[in-house]
Amino acid sequence: MFSRSKYTTKYKLVSEWSSRQTCHKTGWWWGGHIVCRYVSYYANVQKSFRACEVGYRGYQCNIPRCNPKCNNRGVCVAVNKCDCPNTFSGRYCQTKKCSWDTDCYPGICNKALMQCSCSSEFGGPNCQNMKEGPIFQSCAASLINKRNGQNEVFQASCGSYYNEHKTYTSMRDFSHVELQWSLTYVTCVPPILMFHCAHGHQNHTLTFIMRGKTGGFKDIRNQDTAGTYENREMFGQESLRKAYVIFDLEAPFHCTEGITGYLCEHENTKPVEFDLDITSNPDISVAFPGWFDADSGIRGFTYDVYLLEVNSNGRLQNVSTPVLSKICISNFTLPNPGMYAVVAGVHDLANNTKYTRGLILYSNPNDKIEKTDIPLAVYPGPGNNTVDGAFWISDLSSPVTLQWGKHFTNKFIANNNYGSPVAPLPHQFLESNDMDTSHSFRRKPNTISFNIRDTGNNYTIHMKVEDLAGNVFTDHIYIRVDNTPPNVKNISANFTKSVKKEERGFYSSVDISASDFDGGLHFIGFTLYDILNPRDPKQIITGTQPIKKTNQFDKVMGISGVGEYPAPFGLRLKNAYGYVVILTWYLPASCYKISLINLELTGASKKSAILSANEKTAEIKEMVPYADYTARLSITYQGNRNSEAVEFKFNTAIPPTD
């Protein structure tokens, strides 16, 4: 296999070194010691060796060299000459040939390009890469509760590859998890399908991940080794599906329940609302505004309509069977006049439900209005200001209020006791309105018209009342005018300090002598104010009492000022001229003497001033124009007691407003 030896004998002169050791003993035979020394010397020697010719190696120099080396299992048989296997060619076996080793299945070897042309579903240098993964025909995860003889099952399906599917459940307990799936792969070559599943959970979400992967092997016959087979792997693609099970254990809630972050869009939003809850029209529109579900979201609404009847406890309650049942429909028609309860269920995506209820009074247009025993009333006027069947007022120059509440009634409502309270429902219900029917409806105002007849100081008001059903009723009332005030004289106020230590504050008395020759004296009205802050007087007590020789008002509490050190108020900008501003304020009333006033400005520059006790304005110069400032004003009272400081923010570029 190899050529003859290729070498040349050569000679070389080298120096060789050697050394030896000699020792002898000194002293007496029974003692003494040994002395040793080393002696080194060298000599020149001529030696021969072999040197291989270029392109050969080995002891006999008969092994040829190939540079570069033979690749892909090729053998160097001569200098720079390779003997290649059947699967490669080229000077150094560097070029792959179309052969058994090319392994283009499924595909063919392109001899011109010396590379594989794979079928459409495969790729890679040897068509070993499968381009498609398996197809999920079905995929689902089931939660099963078999505890205590139950067989509760909840199933969540997987989403598509591009759309993750989330399933919500209110299931609180489960004992088993069951996964179902089926996969297919369609190609000219049967694949090996591998399946892997995993699950995990985060907070209240349970996630199932299902993966299917194509792959396989192909056996290649090695024609260079007497037909042995090589096992080569096919690399497939993965398909993945996920099933999300989100646990929502809470029912929906309404914005009126005070949940943080969930506010009603309108102040009077109700859990269930109707276009009119008192109506003579049987066609009803219903809405459910203001509902939320923080976890899964609102799925929809269902409701049943019940006729109400009075039970043995005098309360209105549902009849046993609903007259209507609706699912996510915003209107319905009532069959007959009566009072109805709409019991609605608000459902989230996990099938949690909260129930709510609203009332509707459907009145027949032919029902009549009747007058009750509750009389009409005219205001203003203290107490019962009727004398001889007439209402007395001072004059008609100011608006007069005629009150007719509960003076009229509808016979249909009265006969059916529709003014009775409604029986409560279980705790999971959220009432839509006050179930005392006297306050539960959002009423349209009744229509009322007046005809006033003037006969000097006597007036007659004729009333025409029309209810929502169009029923009409008329009535009248007499009003007499006394436009002269009582004759009051000898008004005196005597203030006497309390002589009892356990009593707080002061007491005072007011003596009045009064008479009236028209309507007479009937009531005394009074209002007591705390005027410590004259710009904002505080009402302490008010009321009326029938006239007596002595009227006494006890336990008048809440008067301020005594023992307090009030702060100034009304701090504001009077003028602003860029470099100069004028601030003004009000001083409060106090039981203590003001010593001085403290003013401090911060912002674009800092300034402070101490003003005299009666100052109510201050002019500040050398201000920075178009700059923001904050003024702080406080009062120092006698005894060096300071009030709280009031603040006012302003800009020197903004003129004051009236």
Side-chain angles (χ1 to χ4, degrees), residues 1 66 68-77 81-141 157-164 178-200 208-243:
M1 185 175 183
C66 291
K69 294 181 179 180
C70 299
N71 297 310
N72 300 305
R73 303 189 303 277
V75 178
C76 185
V77 297
K81 182 179 180 180
C82 295
D83 183 15
C84 301
N86 295 331
T87 54
F88 290 89
S89 63
R91 185 175 181 181
Y92 303 107
C93 308
Q94 74 276 12
T95 304
K96 189 174 183 66
K97 295 168 59 177
C98 286
S99 66
W100 67 270
D101 192 45
T102 306
D103 181 17
C104 291
Y105 180 80
I108 60 173
C109 183
N110 189 324
K111 294 182 179 181
L113 300 176
M114 288 297 178
Q115 63 184 23
C116 292
S117 295
C118 305
S119 61
S120 59
E121 297 92 350
F122 295 84
N126 298 103
C127 303
Q128 77 278 22
N129 295 334
M130 306 171 72
K131 294 181 179 179
E132 300 293 336
I135 299 173
F136 276 88
Q137 297 296 327
S138 64
C139 174
S157 61
C158 303
S160 66
Y161 180 80
Y162 301 100
N163 184 22
E164 295 181 346
E178 184 177 284
L179 304 179
Q180 306 94 24
W181 70 90
S182 63
L183 293 154
T184 60
Y185 182 80
V186 180
T187 183
C188 59
V189 179
I192 294 177
L193 298 179
M194 295 175 290
F195 184 81
H196 171 72
C197 65
H199 73 275
F208 296 92
I209 303 174
M210 305 182 195
R211 294 182 173 91
K213 185 176 182 181
T214 53
F217 300 89
K218 51 186 176 180
D219 289 332
I220 306 300
R221 185 182 181 189
N222 188 337
Q223 297 177 359
D224 293 337
T225 58
T228 58
Y229 287 88
E230 295 183 7
N231 185 271
R232 296 183 181 178
E233 183 178 0
M234 302 288 288
F235 300 98
Q237 300 296 321
E238 181 180 85
S239 296
L240 180 145
R241 295 293 184 272
K242 294 182 180 180

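These values consider heavy atoms only, across backbone and side chains, with no hydrogens, waters or symmetry-generated copies.
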Inset, instruction - Look up atom CZ in F235 and atom NZ in K213, then write down how far apart they are to the nearest 0.5 Å. - result: 8.5 Å

Legend entry - Exam field: side chain S239 to backbone P134, donor-acceptor pair closer than 3.5 Å: yes

Legend entry - Under 3.5 Å donor-acceptor, N126 side chain and Q128 backbone: no

Legend entry - Side chains of N72 and T87 in contact at under 4.5 Å (non-hydrogen atoms): no

Legend entry - From CA spacing to verdict: side chain to side chain contact (heavy atoms under 4.5 Å, CB included), L179, F208: CA-CA 9 Å; L179 304 179; F208 296 92; 3.6 Å; yes

Inset, instruction - Determine, step by step, whether N110 and S117 satisfy the side chain to side chain contact (heavy atoms under 4.5 Å, CB included) criterion, reporting the C-alpha distance in whole Å, the side-chain angles of both residues, the deciding distance to 0.1 Å, and the verdict. - result: CA-CA 6 Å; N110 189 324; S117 295; 4.0 Å; yes

Inset, instruction - Work out which heavy atom in M114 is nearest to a heavy atom in C98; give both atom names and the distance. - result: SD-N, 3.8 Å

Legend entry - Worked verdict on E230 versus D219 for side chain to side chain contact (heavy atoms under 4.5 Å, CB included): CA-CA 5 Å; E230 295 183 7; D219 289 332; over 6 Å; no

Legend entry - Evaluation steps, side chain to side chain contact (heavy atoms under 4.5 Å, CB included), between L240 and K242: CA-CA 7 Å; L240 180 145; K242 294 182 180 180; 3.8 Å; yes

Inset, instruction - Over all heavy atoms of both residues, which pair between F136 and R211 is shortest? Give the atoms and the distance, please. - result: CZ-C, 4.3 Å

Legend entry - Heavy-atom pair with the smallest gap, counting every atom of M234 and F217: CG-N, 3.9 Å

Inset, instruction - Test disulfide (SG to SG under 2.5 Å) on C109 and C104 and set out the steps. - result: CA-CA 6 Å; C109 183; C104 291; 4.5 Å; no

Inset, instruction - Using only heavy-atom distances, determine whether the side chains of T214 and Q237 contain a donor-acceptor pair under 3.5 Å. - result: no

Legend entry - Spacing of SG belonging to C118 relative to OH belonging to Y105, to within rounding of 0.5 Å: 12.5 Å

Legend entry - pair check: C158 + C139, SG-SG < 2.5 Å: yes

Inset, instruction - Would you confirm whether S182, through its side chain, and S138, through its main-chain N or O, come within 3.5 Å as a donor-acceptor pair? - result: yes

Inset, instruction - Answer yes or no: is the gap between the SG atoms of C84 and C93 smaller than 2.5 Å? - result: yes

Inset, instruction - Mind listing the closest non-hydrogen atom pair of F122 and M130 along with its distance? - result: CE2-CG, 3.5 Å

Inset, instruction - Supply the atom-to-atom distance K69 NZ to N71 CG, rounded to the nearest 0.5 angstrom. - result: 10.0 Å

Inset, instruction - May I ask you to check if the distance between the SG atoms of C76 and C82 is under 2.5 Å? - result: no

Inset, instruction - Calculate, to the nearest 0.5 Å, the distance between atoms CD and SG belonging to Q115 and C127 respectively. - result: 10.0 Å

Legend entry - Student check: side-chain heavy atoms of Q137 and L183 closer than 4.5 Å: no

Legend entry - Heavy atoms from other residues, nucleotides or ligands near CD of Q94 exceed 12 (cutoff 6.0 Å): yes

